Amino acid sequence: MTNTPQDALVELFSQAITQLKSDGVIPADHDVSIMFERTRQKEHGDYATNVALTLAKPAGKNPRVLADLIVAALSTDSQVSKVDIAGPGFINVFLAEDARYKVLDNVFIRGADYGLAAPDSKQKIMVEFVSANPTGPLHVGHGRGAVYGDALARVLTAAGHTVKREYYVNDAGRQMEILATSVWIRYAQIAGNDIPLPSNGYQGDYIQTMAQELFEQHADQFVLSPESLASAQSGLEDEAALDALIKSVKVQLGDESYQLFFRKALDSILADIKDDLAGFGINYDTWYSEQSLFDSGKIQSAVDQLKASGDIYEKGGALWFKSTDYGDEKDRVVVRENGQPTYFASDIAYHFDKISRGFDLAINIWGSDHHGYTPRVKASLQALGVDSEKLKVLLVQFAVLYRGGEKVGMSTRSGQFITLRELREEIGSDAARFFYTQRKSEQHMDFDLDLAKSKSNENPMYYVQYAHARICRIFTTANERGLTIKAPQDTDYTLLNGEHEAALLKQLERFPELILNAAQHYEPHQITYYLRDLATAFHSWYNSSRFLELEEEPRDAMLALCSAVRQVLSNGLGIIGVAAPNSM
RNA sequence: GCGCCCGUAGCUCAACUGGAUAGAGCAACGGCCUUCUAAGCCGUAGGUUACAGGUUCAAGUCCUGUCGGGCGCGCCA
């Protein structure tokens, strides 16, 4: 790893602060942290620190006076050309001319790894995301979490963490039963039975498709008499009637036959989800089955452990977890009166197991509607003796969809939704990823489908990709003209002395620290904004000069800079999972 | 009612996590193609950062309150 310029400056200033401490200007026991920021305006130099402002009070001195003393105590450094004091007491640092060219060598040496921290040098992190119930295809509403989760995983990887992606599959519970029964009813209908699908069953076309396939394989082998089921439905409320219907179908089909429908539904939907996400460039390391938590006894043992520690009590025939002892609003049921564990029971076991697998940090990406759920899960981890700080829940706001200026409603059961696949096929994986990654995850967001689908300059992704394609084109043209171009490292960087070049070099230099910052704050969108800034700096430069018509020396230097910009555009686009096309 | 998230240009969003004159894109207006791709560039206009207080050298950012929007408050998942 190459040290960032900030590191060197912090070192330089630390010595001065130490000096002032021994001189008695600053209290010797005062803990000083020095921060350097890149400046917004070039009149303020390359870097600025507010250290004199933060030390003014403990030192009992006017910030500007203190800044003077700090600057006076600095030893000379060949990398620093000038140090100014400005405003209320900022210390602005101007770097030496040649220091700015260093970044080019870094880019050329590291290549596709430029900006990336040493792999596997930090924490072991699991990112769990999407984890939508396997009761139907993913819809557009899942897109934001999917893209955010994957981009975050990529950012964390780039920052040197070891990252695993996991999808928690809710393959146990009532929704799955409703699904399996819905498939059976559609199957029975195809086989000629006049059994209506209840309105609270799954209505989507994909149910029909699965039923049709089952019918083709098994003909009418699994039909039941409608009369025997009708009785189960009469005189009950909708949900109770549905449960009765499920039970009835289950009993009459027999476990083995019922499982056929269950497995068919689960397997094909899961396969569809996997395929869909893979089409987005999202690939998981593990698909963790909720059912396996039952089968392995992990739920039971987690409950037993909580019982033993006195964190579970009985009330009204149900088992309650005392989450209020750990800061939750109210206690929560883990095992119902009827003996069925709740979804929360699975979650306790799941998160406990997750942390126990040796991750330093487990990140959950949840829809914002689940925010109230976090305290109880953390509470359960604490009760089980796990540091709940190891679980980080990041919330993603739902995107409100618009089509033709109208809000688009979403409902999985009714079968009326835009699938994620549809979105991807219409606007492309790249555009969708870019679009989502433009927004901070916890920010409310409007998703204009018409806009996302339009392949116009209104979509900023093209702006960034175009910069990359343009650079590729320059080299293609140079080649066509038979020009002999020096290797980038062999060119004279000092010829890159214009304002455009300075702006670009600065952007390139910023990339490694940007990745670290984006990772630290779980904000992949920073990469997107950076890429747009870099593309802007490039397009602006491009329009100001025709490189290929210059004298050889400056031409080759400029092409070296082009090459570096192309590399960083490519690296950055890779981190958000968007392609860097050679031509457009 | 209580809790969490949010409120920034006409629209969609940033703002290096408390720093200097709040920035981009789209939309609007005016310029730039005999040229390595105009999916581009240059310029103009657009703001009391919802509102009112507070904290300090410094607040869009932190605290309190008000208003407005979203979500949550099940022996649902």
Side-chain angles (χ1 to χ4, degrees), chain A residues 35 37-41 43-44 48-50 52-54 56-57 62-64 86-90 92 133 135 170 172-176 239 290 315-320 329-330 332-338 340-344 346-347 367-375 395 397-398 400 435 438-440 442-448 451 455-467 469-478 480-481 510 513-514 517-518 520-521 523 525-526 528-530 532-533 535-536 538-549 559 562 583-584:
Chain A
M35 297 272 292
E37 284 190 333
R38 288 179 178 277
T39 56
R40 277 181 207 181
Q41 291 143 350
E43 303 81 62
H44 296 152
T49 181
N50 61 354
L53 292 163
T54 58
K57 189 168 278 182
N62 176 300
R64 290 197 62 118
F90 290 102
N92 295 328
N133 282 349
T135 52
N170 296 118
R174 182 166 177 264
Q175 292 304 321
M176 289 305 296
E239 295 301 321
E290 180 187 4
K315 192 178 96 186
L319 294 182
W320 295 71
E329 287 173 359
K330 53 178 80 166
R332 311 290 177 175
V333 172
V334 286
V335 180
R336 299 182 188 110
E337 200 179 350
N338 65 9
Q340 282 282 316
T342 60
Y343 181 85
F344 179 45
S346 305
D347 260 358
S368 59
D369 56 333
H370 283 68
H371 67 79
Y373 202 75
T374 306
L395 300 175
Q397 290 287 342
F398 286 118
V400 181
F435 205 93
Q438 262 186 294
R439 270 77 173 163
K440 208 171 173 174
E442 71 264 30
Q443 181 69 262
H444 295 275
M445 161 183 185
D446 289 342
F447 196 117
D448 185 335
L451 176 65
K455 287 196 168 178
S456 69
N457 61 347
E458 288 174 8
N459 193 330
M461 173 189 69
Y462 297 112
Y463 183 81
V464 176
Q465 289 188 325
Y466 186 46
R470 261 186 161 172
I471 297 172
C472 292
R473 180 64 202 175
I474 294 168
F475 284 102
T476 304
T477 303
E480 283 166 5
R481 293 187 189 174
R510 199 160 74 87
E513 68 198 54
L514 172 89
N517 198 47
Q520 189 186 340
H521 299 290
E523 291 179 345
H525 76 276
Q526 287 192 25
T528 310
Y529 278 88
Y530 167 81
R532 228 184 43 195
D533 287 346
T536 298
F538 172 74
H539 284 308
S540 183
W541 181 48
Y542 176 92
N543 273 274
S544 71
S545 157
R546 274 153 294 169
F547 315 130
L548 295 182
E549 288 159 26
L559 289 179
C562 282
S583 67
M584 287 173 68

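The sequence lines fix the lettering, A, B, ..., with proteins before strands; numbering per chain opens at 1. As the structure is a prediction and not an experimental result, all values here were calculated from the model.
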Sugar-phosphate, base or nothing in reach of Ala56(A), heavy atoms under 4.0 Å: nothing
Nearest-angstrom distance, P atom, U64(B) to A22(B): 27 Å
Whole-Å P distance, A45(B) and A50(B): 24 Å
Base orientation of C33(B), syn vs anti, 90° cut from 0: syn
Integer-rounded Å distance: A39(B) C1' and Tyr462(A) OH: 9 Å
C1' spacing across the pair G54(B) / G18(B), given as an integer number of angstrom: 16 Å
Step-by-step side chain to side chain donor-acceptor pair (under 3.5 Å) determination, Asn170(A) to Gln175(A): CA-CA 9 Å; Asn170(A) 296 118; Gln175(A) 292 304 321; over 6 Å; no
Cation-pi, Tyr542(A) ring and Arg470(A) (6.0 angstrom, 45 degrees): yes
Side-chain heavy-atom pair Pro460(A), Gln438(A) within 4.5 angstrom cut-off: yes
Under-4.0 Å side-chain N/O to phosphate OP1/OP2 contact, Lys57(A) with C57(B): yes
Side-chain N or O of Ser368(A) closer than 4.0 Å to phosphate OP1/OP2 of C4(B): no
Aromatic stack Phe90(A)/A20(B): centroid gap under 5.5 Å, interplanar angle under 30°: yes
Glu329(A) side chain, from C-beta outward: closest of A20(B), A77(B), G3(B): G3(B)
Among C42(B), C36(B), G40(B), the one nearest His539(A) by side-chain distance: G40(B)
Strand RNA chain B as a dot-bracket string - pairs counted if Watson-Crick or G-U with both distances under 3.5 Å, | where the partner lies in another strand: (((((((..((((.....[...)))).(((((.......))))).....(((((..]....))))))))))))....
P gap between G47(B) and G3(B), integer Å: 36 Å
Under-4.0 Å side-chain N/O to phosphate OP1/OP2 contact, Arg336(A) with A77(B): yes
Contact under 4.0 Å: Arg40(A) side-chain N or O vs G19(B) OP1/OP2: no
Short side-chain N/O contact to A77(B) OP1/OP2 from Arg174(A), under 4.0 Å: no
Rounded interatomic separation in angstrom, taking CD from Glu290(A) and C1' from A77(B): 9 Å
Span that lies between the C1' atom of U8(B) and that of G69(B), in whole angstrom: 15 Å
Spacing of the P atoms in G1(B) and C62(B) (rounded, Å): 25 Å
Proximity to the side chain of Tyr373(A) - top-ranked nucleotide from A77(B), C41(B), C75(B): A77(B)
Sugar-phosphate, base or nothing in reach of Arg470(A), heavy atoms under 4.0 Å: sugar-phosphate
Among C57(B), C71(B), G25(B), the nucleotide that comes nearest once only the side chain of Asp369(A) is considered: C71(B)
Nearest heavy atoms of Ile474(A) and Cys562(A), plus distance in Å: CD1-SG, 4.2 Å
5'-most by nearest nucleotide on RNA chain B - Asp533(A) or Leu395(A): Leu395(A)
Protein-nucleotide distance (Asn517(A), atom CG; A14(B), atom C1'), rounded to Å: 14 Å
Nearest-nucleotide 5' precedence on RNA chain B, Ser583(A) against Lys315(A): Ser583(A)
Separation between the P atoms of U17(B) and G10(B), rounded to whole Å: 28 Å
Nucleotide of C75(B), C13(B), C71(B) approaching Trp320(A) most closely (side-chain heavy atoms): C75(B)
4.5 Å side-chain heavy-atom contact, Phe344(A) and Val333(A): no
Sugar-phosphate, base or nothing in reach of Ala467(A), heavy atoms under 4.0 Å: nothing
Candidate nucleotides U17(B), A20(B), C57(B), ranked by approach to the side chain of Thr39(A) - the nearest: A20(B)
Touch class at under 4.0 angstrom, heavy-atom based, for Phe547(A) against every strand present: base
Under 4.0 angstrom between Tyr463(A) side-chain N/O and C41(B) OP1 or OP2: yes
Euclidean distance, atom CD of residue Glu442(A) to atom P of U61(B) [Å, nearest integer]: 16 Å
Touch class at under 4.0 angstrom, heavy-atom based, for Gly317(A) against every strand present: nothing
Nearest atoms (heavy-atom pairs only) where Glu290(A) meets Ser346(A): OE2-OG, 2.7 Å
Minimum-distance nucleotide to Lys440(A) side chain [options: A15(B), C36(B), C75(B)]: A15(B)
Euclidean distance, atom CG of residue Asn338(A) to atom P of G74(B) [Å, nearest integer]: 18 Å
Base of A20(B) paired with side chain of Asn92(A) (donor-acceptor, under 3.5 Å): yes
No-H, no-angle donor-acceptor pair, Asn50(A) side chain to G19(B) base, under 3.5 Å: yes
Any N/O donor-acceptor pair, His370(A) side-chain to G72(B) base, under 3.5 Å: no
Syn/anti state for U17(B) [syn: chi within 90° of 0]: syn
Among G74(B), C75(B), U17(B), the one nearest Gln526(A) by side-chain distance: U17(B)
Residue-phosphate contact under 4.0 Å: Arg64(A) side-chain N/O, C57(B) OP1/OP2: no
Whole-angstrom distance between C4(B) and G46(B), as gauged at atom C1': 35 Å
Residue His525(A), side-chain atoms from C-beta onward, closest of A14(B), G19(B), C41(B): A14(B)
Check: His371(A) side chain, C71(B) base, donor-acceptor under 3.5 Å: yes
Candidates U21(B), G25(B), A15(B) - which lies nearest the side chain of Gln41(A): U21(B)
Touch class at under 4.0 angstrom, heavy-atom based, for Ala478(A) against every strand present: nothing
